[in-house]
*Asks:* 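Got a structure for you, written out below as structure tokens; questions coming shortly.
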Amino acid sequence: MTAVDRVFAAVFPPLSEYNIPTPAATPVLGSAGFEGSAEAHITIDWDLKDTAAEQVQWERAWHTATIFLSLPNEPFPAINDRNDHSRLHGKWWKRCTPEVAAALKYLLSPDSLGARSRKGQKQHDLLQWYFEEAGLRHFIQHVRPRILQLLEDPDAKYGVSNVVTYLERAHTVYFHNLQEYVYPLCANGGEEEKKWILSNLTGLLTYSLPQQKINHDLSELFKTHAEASLEIQGEPSTIEQRKIPNVRRLLTRLQNIGMGGSRLQKILAGVMSGVLSAYIKGTYAGDWTSRSKVTAKLRYWVENRFARYIVEMLAPLNTGTSPQTSPETEITLSDVEKWQEIAINHLGALRTEELFNIIFEWENDSRGAIEDLKRYVTNTAARMHVTNSFCEVIGRSLLQPGAATTEILQVYISIIRAFSLLDPKGVLLDRVARPIRRYLQDRDDTAAIVVSSLLADAETSSSSDVLPELAEEMQNNTSLTAQEDDAADLDFDDMEWMPDPVDAGPDYRKSKNLDVIGSLISLFETKDIFVKEFQKVLGERLLKQAQTFEIEIRALELLKLRFGEASLQACEVMLRDIVDSRRVDHVIRTEQNKVMSQRTEPVPALHARILSHLFWPSLHSEDFFLPPEISASQMLYATGFEKLKQSRKLTWLNALGQVTVQLDLEDRSVTEVVQTWQASVIYAFQNEESDRGRPATKTVQELTSSLSMSESFVRNALTFWVGRLVLQPSPSDADSYHVLETLPSSALDPSSSSKSMKSTLLAAAAAADAATSGPAQALRSEEDITQEKMEVFWQFVVGMLTNQGAMPLARIVMMLKVVVPGGFPFGNEELKGFLEGRVREGKLEVVGGQYKIKASQ
Amino acid sequence: MDYTMEDTQNHAPGTATMHEAAKLNVSVRRQDTHSVTKRLQTELMQLMMSTTPGISAFPNNPENLLLWTATISGPDETPYAGLTFKLSFDFPSTYPYAAPTVLFKTPIYHPNVDFSGRICLDILKDKWSAVYNVQTVLLSLQSLLGEPNNASPLNGEAAGLWDADKPEFQRQVLARHQDIEED
């Protein structure tokens with residue numbers, strides 16, 4: 001069978017390189033003649049008549065050797081055990097016959113005449129031939145398709161492992177014969193030949209296979225292994241553990257078949273880099289507790305686990321055939337240090353990604369994350385990265401119309417705290433704060449929130465418009481006077497002085513007061529907005545409260561430091577007014593008590609706050625009739641005041657103030673501290689009371705006319721008293737209320753209360769809440785003032801349209817913007833709404849898109 | 001020895017060098033136009049707030065506050081009752097130290113107004129004073145409608161008719177008057 005095969009193969013060479021021996025008698029003319037001159041002069045020493053004979057001998061030897069070394073034209077047999085070579089013997093690993101040995105010797109031995117004479121000629125190089133035979137023919141025809149098939153096999157989880165096994169077999173087969181018979185004949189035991197054919201053949205192997213697929217599969221395999229053995233994803237399973245020798249052996253095998261080396265190192269390095277960042281992400285994400293040990297732990301891990309693993313993995317690549325590669329794979333201490341740096345950078349990148357959440361969670365101790373980040377922002381690029389990515393996140397997820405201003409301010413406060421920890425010089429803060437500050441400046445309610453927070457009571461306030469944190473900061477803030485920092489750079493005794501960081505912008509101005517309050521107060525370029533807002537809130541609070549004004553004074557002092565005394569003079573006056581009026585009040589009252597004591601009937605005690613109206617923001621001046629007793633007291637008080645302060649008069653603002661009311665009802669007595677109009681309304685019920693048997697009843701219309709109070713105030717007060725279970729709306733007429741002299745029994749005893757009654761009570765209480773928090777502000781709202789201003793603008797519009805004729809809206813607005821002193825504060829839409837109101841009132845008409853004064857008749 | 005020094009010291013501090021004087025001039029002039037604008041703005045505000053019945057005025061366009069249009073309505077119980085008249089105001093840059101040029105735009109039959117609308121009124125000529133303003137000028141003009149100064153008429157026929165034939169005067173007034181359409 002073998003003989004037939006051999007003959008068959010000899011007759012029909014699959015490739016042209018398969019040489020047919022030349023008949024012994026036929027001289028090869030070309031050999032000597034066509035070769036280069038070198039050949040010619042080598043053969044000069046030779047006996048010319050021997051040449052032909054020698055050629056024949058060479059050809060025969062070549063023939064014998066190539067037949068012996070040629071590979072069967074079929075794939076390898078399937079072998080289960082890698083070390084079982086029994087099936088290779090015979091067809092694949094042939095026995096060497098003496099004539100083959102002689103032929104090989106003649107062809108290869110440096111001593112033989114033939115080999116010597118054909119040194120360096122490619123077509124007479126047996127190894128070259130073998131390479132073509134094994135590599136180009138057999139491998140391409142039989143091995144490669146099989147490998148591709150293995151690679152594509154979807155069932156095998158690690159197809160690449162099977163590929164390696166198969167390649168290894170190819171290796172074994174291809175090199176067995178060479179190892180056994182060829183190398184010993186060559187010079188130096190065939191070292192050079194071995195290397196040559198190995199590199200050529202492995203080159204062919206690797207490049208004829210789909211690189212990407214193999215690389216990808218390999219890295220997948222390595223990754224799974226590394227993750228398992230470095231315990232990156234949970235506990236290592238036993239199956240994965242068993243794979244450890246597997247991969248190491250795989251590496252060894254890959255190295256042996258020439259697929260190791262730098263290429264494999266590259267794959268390994270890529271895998272390990274991914275593993276590193278995966279480890280950091282998996283282990284330290286969200287671990288922000290303070291006194292961060294993350295960096296220390298990470299360094300330890302890199303040194304003791306990560307680096308060790310790499311050494312372990314690279315070891316097989318060291319023992320390969322090329323000993324000179326060892327310096328590349330050796331892991332030095334500096335490598336480990338470099339990896340640690342890389343790990344820290346990975347951690348920094350992770351923390352940068354998390355930064356927004358870290359800051360959002362600032363209250364819940366995320367300080368540790370900033371400590372980690374601090375180790376990362378050591379160079380300009382890293383600092384840039386942190387601020388840029390953070391700014392982007394902020395723009396995307398915070399500075400949106402959907403976010404409440406309080407929320408933004410809250411985050412801004414946390415940002416200030418976090419970044420001043422991260423970078424005490426404040427450059428990073430400066431960079432990230434800019435967009436936030438710009439955005440906050442555009443928000444209408446920023447100033448209001450900041451001011452009311454400054455004045456808020458940290459413990460008690462629960463309103464959503466207030467940042468309790470800021471109030472707390474305000475109360476704890478001790479560095480109120482640390483303001484002489486402008487000249488800090490000129491302080492030559494400052495041993496702590498540092499130049500501004502290199503990445504500071506040209507317009508960066510180091511502000512040493514990184515404190516939260518300072519930053520918020522300085523949000524606005526012009527102090528006007530702030531001062532105005534402060535005045536408003538201050539006024540409100542001063543009028544409402546009875547107790548001391550420590551917070552207010554403190555806030556005022558703080559703002560004075562920042563904005564200067566002059567701009568806050570009004571606030572100063574306001575505060576003094578309150579303090580003064582207490583004194584004046586005391587004097588007047590002691591004076592009057594002497595008078596009063598002579599009279600018998602009890603008179604309600606009246607205290608006044610005397611405000612210098614020029615310095616106060618515009619106040620509610622709604623007037624209504626007070627109960628006669630109160631009016632009398634007011635008169636008396638006014639005379640007392642005029643006696644005390646000559647040539648000054650009191651103007652009473654009846655809508656402002658507080659009344660302590662005690663109501664004696666049939667079954668109970670109610671005491672409440674209420675607003676003046678609420679007291680007036682309930683007092684009106686007293687007058688009518690008790691003359692008949694039934695409780696006093698009043699309608700809204702009666703009350704508005706008898707008190708000359710606006711309907712909204714009357715309704716507000718009525719709702720309030722309904723909420724306090726003092727009044728009750730009549731079931732028949734919604735606008736009519738009567739006094740609830742006796743509570744229904746169910747209201748007193750909640751356990752027995754009928755469901756419907758209870759719900760009425762609840763509704764009433766809710767209404768009361770709404771009522772008190774509603775329009776009861778002491779100072780006039782913006783809308784009122786706007787309305788008033790509009791009246792002035794209306795005069796302008798009338799003047800304009802009277803004299804200039806009909807005008808379109810845009811022109812009216814443009815005109816107003818120029819001619820109104822201080823500018824026209826409204827837009828087209830607002831004016832349009834206003835003018836349309838006038839059109840409805842019949843004062844204007846619209847003709848062809850132009851407004852025109854309507855002729856009076 | 002110290003003459004030079006003395007000289008500089010005795011130099012009147014108010015005298016400026018030529019260069020400085022030029023600079024001062026420019027700034028003074030700029031200051032002037034600015035103050036005119038400001039003055040007119042204040043006057044406008046005043047006018048708007050007071051709303052005297054029968055008179056009103058407003059700048060023509062936002063770019064140039066020096067040109068105004070005013071409206072006065074004829075006083076009751078005069079031949080001009082029920083009629084409205086438009087006037088143009090042209091303020092000089094030296095206002096209020098010089099009088100504005102005031103013209104009737106609406107054709108009017110009046111002893112002291114000629115047919116092109118020029119007005120003979122002493123306070124708009126030699127009797128002008130900086131204490132006058134748009135409002136006072138308009139009020140004066142309104143009263144001029146009821147009490148023409150027939151001693152110095154620009155329209156002799158009207159002056160004659162005023163004294164001689166009131167009904168004819170009234171007829172002439174109505175014939176002459178026509179509401180100008182806004183452009």
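Below, read A as the first sequence line, B as the second, and so on, with proteins coming before strands; counting in each chain starts at 1.
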*Asks:* Would you give the length of the straight line joining atom CG of B:Asn61 to atom CE of A:Met814, rounded to the nearest 0.5 angstrom?
*Replies:*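 The CG atom of B:Asn61 sits 7.5 Å away from the CE atom of A:Met814.
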*Asks:* Find the distance between CD (A:Gln795) and CE (B:Met45) and round it off to the nearest 0.5 Å.
*Replies:*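 One gets 10.0 Å once the value is rounded to the nearest 0.5 Å.
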*Asks:* Measuring from A:Thr802:OG1 to B:Ile72:CD1, what's the distance to the nearest 0.5 Å?
*Replies:*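 Here the rounded value is 13.5 Å.
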*Asks:* Can you pull the side-chain hydrogen bond (donor to acceptor under 3.5 Å, both in side chains) pairs that have at least one residue in residues 127-136 of chain B, sequence neighbours excluded?
*Replies:*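 Residue pairs passing side-chain hydrogen bond (donor to acceptor under 3.5 Å, both in side chains), neighbours aside: B:Ser50-B:Gln135, B:Thr52-B:Gln135, B:Asn133-B:Thr136.
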*Asks:* On a heavy-atom basis, which atom in B:Lys86 and which in A:Asn803 lie closest, and how many Å separate them?
*Replies:*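 For B:Lys86 versus A:Asn803, the nearest heavy atoms are NZ-O, 3.4 Å.
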*Asks:* Is it the case that over 12 heavy atoms from other parts of the model lie below 6.0 angstrom from the CD atom of A:Glu841?
*Replies:*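 More than 12 within 6.0 Å, yes.
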*Asks:* Inspect the surroundings of CZ in A:Phe834 and state if more than 12 heavy atoms from other residues, nucleotides or ligands are less than 6.0 Å away.
*Replies:*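 Yes, because the 6.0 Å sphere around CZ of A:Phe834 holds more than 12 heavy atoms from other groups.
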*Asks:* Tell me the closest heavy-atom pair linking A:Gly799 and B:Ser56, and the distance in Å.
*Replies:*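 Smallest interatomic distance, heavy atoms only, reads O-OG, 4.4 Å.
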*Asks:* Taking atom CG of B:Asp126 as the centre, does the number of heavy atoms from other residues, nucleotides or ligands within less than 6.0 Å exceed 12?
*Replies:*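 Enclosed: over 12 neighbouring heavy atoms sit under 6.0 Å from CG of B:Asp126.
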*Asks:* Scan for ring pair (Phe, Tyr, Trp, His ring centres under 6.0 Å) pairs involving residues 46-78 of chain B, sequence neighbours excluded, and state none if there are none.
*Replies:*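 Sorted pair list: B:Trp68-B:Phe91.
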*Asks:* Measure the spacing between CE of A:Met800 and CG of B:Leu44 and express it to the nearest 0.5 Å.
*Replies:*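 Reported value, rounded in 0.5 Å steps: 8.5 Å.
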